[in-house]
Enquirer: 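Here it is, the structure in full.
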There are 2 protein chains.
Amino acid sequence: MARSPQKKTSAPVSGNAVTADLVAVLVAVTDGTPKIMTIAGGSALPSGPFEFTHRSLQTALRAWVEAQTGHPLGYVEQLYTFADRGRSGDAKGPHSVSISYLGLTREDRVGEGFEAHWSGWYDYFPWEDQRAGAPAFIARSIAPKLKTWAKAAPSPTLQRERWQRCAITFGLDDRGWNEELVLQRYELLWEASLIPEAGRAHDREAPAAPGKPMTADHRRILATGIARLRAKIKYRPVVFELMPAEFTLLQLQRSVEALAGRLVHKQNFRRLIEQQELVEETGAMAADTVGRPAKLFRFRHAVLAERAVAGTKLPLSRT
Amino acid sequence: MARSPQKKTSAPVSGNAVTADLVAVLVAVTDGTPKIMTIAGGSALPSGPFEFTHRSLQTALRAWVEAQTGHPLGYVEQLYTFADRGRSGDAKGPHSVSISYLGLTREDRVGEGFEAHWSGWYDYFPWEDQRAGAPAFIARSIAPKLKTWAKAAPSPTLQRERWQRCAITFGLDDRGWNEELVLQRYELLWEASLIPEAGRAHDREAPAAPGKPMTADHRRILATGIARLRAKIKYRPVVFELMPAEFTLLQLQRSVEALAGRLVHKQNFRRLIEQQELVEETGAMAADTVGRPAKLFRFRHAVLAERAVAGTKLPLSRT
DNA sequence: ACATCTTATGCTCAAGGAGAGTATAAATGG
DNA sequence: CCATTTATACTCTCCTTGAGCATAAGATGT
């Protein structure tokens, strides 16, 4: 075993065989609603076995999605690889490695005659939509249940730590809401037995949190995808993958707000977009609108080549 | 196939078996040098088959590294999963999925009697160390070769695009150096046939760029790890995983500089660290030093619980 | 004792960015 | 014409960031 630093011989490769699956979080935004492609009546993300006839995972996913939807996939990014023991049920059976991807498209690109549907992603994570302020059921329902869970910790110190974690992730006790903590919130609810997928006993004290469940760990994978996308839109111009060719600045803003799950300051949003020169006017104006007509813009694809954006948080020395 | 949106039957799972490998980028910083654990005389990253007796990939990696080094692993993060067709040589043979991880430790924690060594990561990526300014060989050797490669493109437009890409990633033509583009730089050199691992013809016009090669795609994986870590230190307090229990602010600064490959402004660095309340004084002073003795600090582990840092780049509305 | 070197540490300043609000323009439906 | 709705242009303030100056506190050599 030249590849291992271990001196004793490793297990033979043949005893280590697994199957590889792809799981895709395919996102679109339509009418201010972020949607994901689902199958099986919205209870699962599209997934399938990885065909090794492709050059790489990325090309395999693209080909696969294209076959499903009849349209090419814009932006693609790997999310996470899971290899949980109990995933295929029998611990002795063939194990499965699931490689998840995030992909961005537009809903109208979906072809006909497929099983796939588009489901609003806030159906699965109602607490993540804070555009109209924090949903009432957080304070009314989720927070008390979390408090109960926190108090169930064995020691006062652990109780305090548990509650602090709840308060931070859900923005309780006058803390701000952090829209990027999607996965942390989901995992917290899981630990507190508020997620049906956890498969634990749900008695009267800890019924499920609102939100539609999914097969296996698919809702966790979706949470990972949402979190990644919410982080990404802040430093990469990926929103445009979800927009039509031409759009108004307000439409663009609504898409960002839909993804982030919170509102942005209109004037400052425009300033940000314009000073970064991300868009250019098409010359045309939006039709069929209420109020003053807005200019139509298109994405300047050139910026992808021009820039290699990356924010600094280090006090770099320029000398 | 309930899990697939595809209507036609998918290939049977049995025809899809693969082997799963873990590849680790284990990082330590000693005396201002970032190091990675290597095997086989520094020509490969530690790797081995994944044992499905573990609950998850993360725990498998931790257990495995602990067995190798005799010490627990601090911070662990998944990097990327590769499944290249040609990886195991024969396209018809058993395919391999490689799941790579980034782990942070300290060099002195390595146990005795193992094959592993610590190698400086700039041995593999000499151009990434810009602490003493851009290394002379970039302008003298790499840039001209990239120019040649750019000019070899079939059309003037493509030539310009190629060169723009070179200039952006390597900070040429008076552009600033972006330390996070580690992977982009490596891939660019690969495309330009300046990387021995590419296995293409290296004639007189395109000899290899400086830097030690590695087995298979290990240097690419290392590049991924370096890039991830360089990005991470800017918004998460992970540097402390690489520091001893007590340290001076200058030592901390040197570690950050070692990782980032560039110098930071001393006074501003202190201001940043202190205003974020990341550290607290131990009360003791550093001994055996030149110049005025520095206070010793320790990491405030409490911040990990207190905060859930995440920078905003959206003009969020607070109302 | 004193000069000098080296690192530590405190403080100021200017430019730019981010959050928030005011004001005006241009359309539609009564 | 007026109310309503959305678009768009500015302004203002506070905070952050990059940069530099000044002083402190040790060691070492003369």
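Letters A, B, ... mirror the listed sequences (proteins, then strands); counts begin at 1.
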Enquirer: Which residues satisfy the salt bridge (Lys or Arg N to Asp or Glu O under 4.0 Å) test with Glu246(A), sequence neighbours excluded?
Expert: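 Salt bridge (Lys or Arg N to Asp or Glu O under 4.0 Å) list for Glu246(A), sorted by chain: empty.
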Enquirer: Can a donor-acceptor pair be found, under 3.5 Å and without considering hydrogens, that links the side chain of Arg230(B) to the backbone of Leu259(B)?
Expert: yes
Enquirer: With DNA chain C as reference, determine whether Gln267(B) or Met285(A) sits nearer its 5' end, using the nearest nucleotide of each.
Expert: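 So the residue in question is Gln267(B).
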Enquirer: Provide, to the nearest angstrom, the distance between the CZ atom belonging to Arg271(B) and the C1' atom belonging to dA19(D).
Expert: 9 Å
Enquirer: Atom CD of Gln276(A) to atom P of dA18(C): distance rounded to whole Å?
Expert: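 Roughly 8 Å, once rounded to whole Å.
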Enquirer: Can you identify which nucleotide, out of dA8(C), dA9(D), dA20(C), has its nearest atom closest to the Arg270(B) side chain?
Expert: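 The closest nucleotide is dA8(C).
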Enquirer: Please name all residues satisfying salt bridge (Lys or Arg N to Asp or Glu O under 4.0 Å) with Glu277(A), sequence neighbours left out, ordered by chain then number.
Expert: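 In terms of salt bridge (Lys or Arg N to Asp or Glu O under 4.0 Å), with neighbours along the sequence ignored, Glu277(A) is linked to no residue.
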Enquirer: For the pair made of CD in Glu274(A) and P in dA9(D), what is the distance, rounded to whole Å?
Expert: 6 Å
Enquirer: For Lys295(A), check salt bridge (Lys or Arg N to Asp or Glu O under 4.0 Å) against everything at least two apart and list the hits.
Expert: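 Checked Lys295(A) against salt bridge (Lys or Arg N to Asp or Glu O under 4.0 Å); matches are Glu281(A).
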Enquirer: Output one line per pair: protein atom, nucleotide atom from nucleotides 1-6 of chain D, and distance, for all N/O pairs under 3.5 Å.
Expert:
residue: dT6(D); atom: O2; partner: Arg292(A); partner atom: N; Å: 3.4

Enquirer: Rounded to whole angstrom units, what separation is found between the CZ atom of Phe269(A) and the P atom of dG21(C)?
Expert: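 Roughly 19 Å, once rounded to whole Å.
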Enquirer: Output the rounded distance in Å from CD (Gln275(A)) to C1' (dA18(C)).
Expert: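 Checked: the CD to C1' distance equals 10 Å.
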Enquirer: Starting from P on dC11(C), measure out to NE2 on His265(B) and report it in whole angstrom.
Expert: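 Going from His265(B) (NE2) to dC11(C) (P), I get 16 Å.
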Enquirer: Starting at NZ of Lys295(A) and ending at C1' of dT8(D), how long is that distance when rounded to a whole Å?
Expert: 8 Å
Enquirer: Any sub-3.5 Å donor-acceptor pair from Glu257(B)'s side-chain atoms to Val264(B)'s backbone N or O?
Expert: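 Flag set: sc Glu257(B) to bb Val264(B) pair under 3.5 Å.
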Enquirer: Would you kindly give the CG-to-P distance between Leu272(B) and dT17(D), to the nearest whole Å?
Expert: 7 Å
Enquirer: Using the side-chain heavy atoms of Asn268(A), tell me which of these nucleotides is nearest: dT8(D), dA20(C), dC13(C).
Expert: dA20(C)
Enquirer: Just to verify, what does Arg228(B) make a salt bridge (Lys or Arg N to Asp or Glu O under 4.0 Å) with, not counting sequence neighbours?
Expert: Glu77(B)
Enquirer: Pairs in or reaching into residues 241-261 of chain A: which pass ring pair (Phe, Tyr, Trp, His ring centres under 6.0 Å), with residues at least two apart or in two chains?
Expert: Phe240(A)-Phe247(A)
